[in-house]
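This report concerns only the one structure given below.
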Amino acid sequence: MLKYILRRVLMMIPTLFGVSFIIFGLLYLTPGDAATSKLGQTAPKEAIEAYREELGLNDPFLVQYGRYISGAVRGDLGVSYISNRPVFKELMGMYPATIKLTLFSLAVAVVFGMLFGVLSALYKYSWIDRISMVLGMVGLSMPIFWSGILFILLFSVKLGWFPSSGFTSLKHLVLPGFALGFQSMAVIMRQTRGSMLEVMSQDYIRTADAKGLRRSYIIVVHALKNAMIPVVTTAGLLMGSLLGGSVLTETIFSIPGIGRYMVQSITTRDYPMILGGVLMIAFTYSVINLAVDILYGFIDPKVRTQYE
């Protein structure tokens with residue numbers, strides 16, 4: 001298992017390099033000028049050109065990328081074109097908000113998705129199953145920005161239960177967390193239902209039932225544990241969509257996280273902030289996937305013994 005973990009850690013390095021190269025290339029080819037955005041359209045051409053030279057924007061692509069990577073491997077993600085502060089320090093100040101939102105959304109998706117999925121499988125073709133399937137279709141078809149707006153209108157404007165913006169307490173986390181996790185909850189619910197139906201039809205479940213074991217014991221100890229294996233994998237893959245969806249969610253709910261700041265950086269063409277934000281999200285996604293793979297090995301002994 002240790003060899004497997006080390007191999008996965010080493011695989012993160014080319015992944016991060018690939019992400020940085022693609023994003024750097026896209027920003028390099030994007031029309032517009034960071035110097036003009038900083039100094040304004042009315043600034044003299046000489047001042048704009050001098051600022052471009054100061055930022056190194058006149059250098060060839062490979063020279064700019066090599067300079068950026070050489071600093072990134074040392075923990076230096078550059079300086080923001082707008083605030084003139086180190087990118088790493090600014091991102092670390094916003095990182096906790098994004099992580100809290102993402103993990104809370106994942107918890108919402110896993111807990112409620114598995115709950116509705118198990119109930120839907122146990123009461124197949126009942127009204128519980130039908131309601132769960134309708135809820136799943138709604139969740140899969142509703143974009144994050146639309147569900148966020150609906151949640152604000154219903155639970156904040158109409159009912160007044162939760163605040164529509166801010167990020168100072170757990171109460172501020174509920175609406176954005178459910179809005180972001182709603183779609184992922186639908187995916188996990190359908191995955192759990194299918195896995196539970198498949199597991200409940202296995203011979204060892206019928207044998208345990210024939211022995212007279214309690215129904216609840218059979219479901220929790222025998223069925224749910226084996227049904228969780230594909231669900232854990234799905235939850236790990238959904239972290240990418242949750243981290244990406246945090247960009248829209250943070251903007252809608254005015255959460256001071258990396259996603260919201262990246263949107264602002266795009267409008268001001270603050271390339272170091274955009275690159276740093278993408279790398280931070282990619283690194284977080286890789287670490288969480290590594291943790292999911294390790295958890296997968298503990299749930300399924302066959303995976304653990306494969307690398308021992």
Side-chain angles (χ1 to χ4, degrees), residues 23 80 82-83 85 87-113 115-116 135-189 235-270 273-285 287-288:
I23 300 301
S80 170
I82 305 302
S83 65
R85 294 182 58 193
V87 170
F88 184 76
K89 288 186 178 180
E90 291 219 1
L91 289 176
M92 289 307 296
M94 309 164 196
Y95 189 67
T98 299
I99 289 299
K100 287 179 183 177
L101 174 61
T102 304
L103 293 180
F104 183 82
S105 302
L106 181 63
V108 168
V110 171
V111 172
F112 288 94
L115 176 62
F116 287 120
L135 188 64
M137 286 189 292
V138 172
L140 289 173
S141 59
M142 186 178 293
I144 294 173
F145 68 89
W146 183 243
S147 62
I149 294 173
L150 290 181
F151 282 9
I152 290 175
L153 290 175
L154 178 59
F155 297 105
S156 181
V157 177
K158 295 292 184 182
L159 300 176
W161 290 353
F162 302 101
S164 61
S165 62
F167 203 72
T168 57
S169 65
L170 181 61
K171 201 172 183 180
H172 289 86
L173 193 59
V174 174
L175 284 187
F178 274 87
L180 181 57
F182 189 46
Q183 194 174 69
S184 299
M185 181 195 72
V187 175
I188 292 178
M189 183 186 68
L237 295 175
L238 287 173
M239 279 301 302
S241 63
L242 291 175
L243 286 167
S246 66
V247 175
L248 291 173
T249 309
E250 289 174 3
T251 303
I252 294 171
F253 291 92
S254 299
I255 297 175
I258 293 177
R260 183 189 177 198
Y261 204 86
M262 283 177 62
V263 173
Q264 297 174 354
S265 299
I266 290 172
T267 59
T268 57
R269 303 188 186 281
D270 193 352
M273 285 298 300
I274 300 172
L275 277 166
V278 172
L279 284 177
M280 192 76 76
I281 290 176
F283 176 77
T284 304
Y285 180 48
V287 170
I288 292 176

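Rounding to the nearest 0.5 angstrom, the gap separating the OG atom in Ser147 from the CG atom in Leu175 is 10.5 Å. Rounded to the nearest 0.5 angstrom, Met273 CE and Met94 CE are separated by 4.5 Å. Within the model, atoms CG of Leu91 and OG of Ser80 stand 9.5 Å from one another, a figure rounded to the nearest 0.5 Å. If you take CG on Leu173 and CG on Leu101, they are separated by 6.0 Å, rounding to the nearest 0.5 Å. Phe104 contributes atom CZ, which lies 15.0 Å from atom CD1 of Ile99 (distance to the nearest 0.5 angstrom). To the nearest 0.5 angstrom, Ile258 atom CD1 is 13.5 Å from Ile274 atom CD1.
Proximity of a side-chain donor or acceptor of Ser156 to a complementary backbone N or O of Phe162 within less than 3.5 Å is detected. A donor-acceptor pair under 3.5 Å is absent between the side-chain atoms of Thr251 and the main chain of Arg260, judged by distance alone.
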- Could you check Thr284 against Tyr95 for side-chain contact (heavy atoms from CB on, under 4.5 Å), going step by step and ending with a plain yes or no? CA-CA 10 Å; Thr284 304; Tyr95 189 67; 2.7 Å; yes
- Task: Show your reasoning for whether side-chain contact (heavy atoms from CB on, under 4.5 Å) applies to Leu106 and Val110.
- Result: CA-CA 6 Å; Leu106 181 63; Val110 171; 4.0 Å; yes
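In this structure the side chain of Ile281 reaches within 4.5 angstrom of the side chain of Met262, judged on heavy atoms. Side-chain atoms of Ile255 and His172, non-hydrogen and from C-beta on, never get closer than 4.5 Å to each other. At least one side-chain heavy atom of Leu135 sits under 4.5 Å from a side-chain heavy atom of Phe182.
Taking every heavy atom of both residues into account, Gly181 and Ala109 meet most closely at O-CB, 3.7 Å. Shortest non-hydrogen contact noted between Ala97 and Gly257 is CB-CA, 4.1 Å.
No close placement of the Phe178 and Phe155 rings is indicated, their centers lying 6.0 Å or farther apart.
In the displayed structure, Phe112 atom CZ is contacted under 6.0 Å by at most 12 heavy atoms of other residues, nucleotides or ligands.
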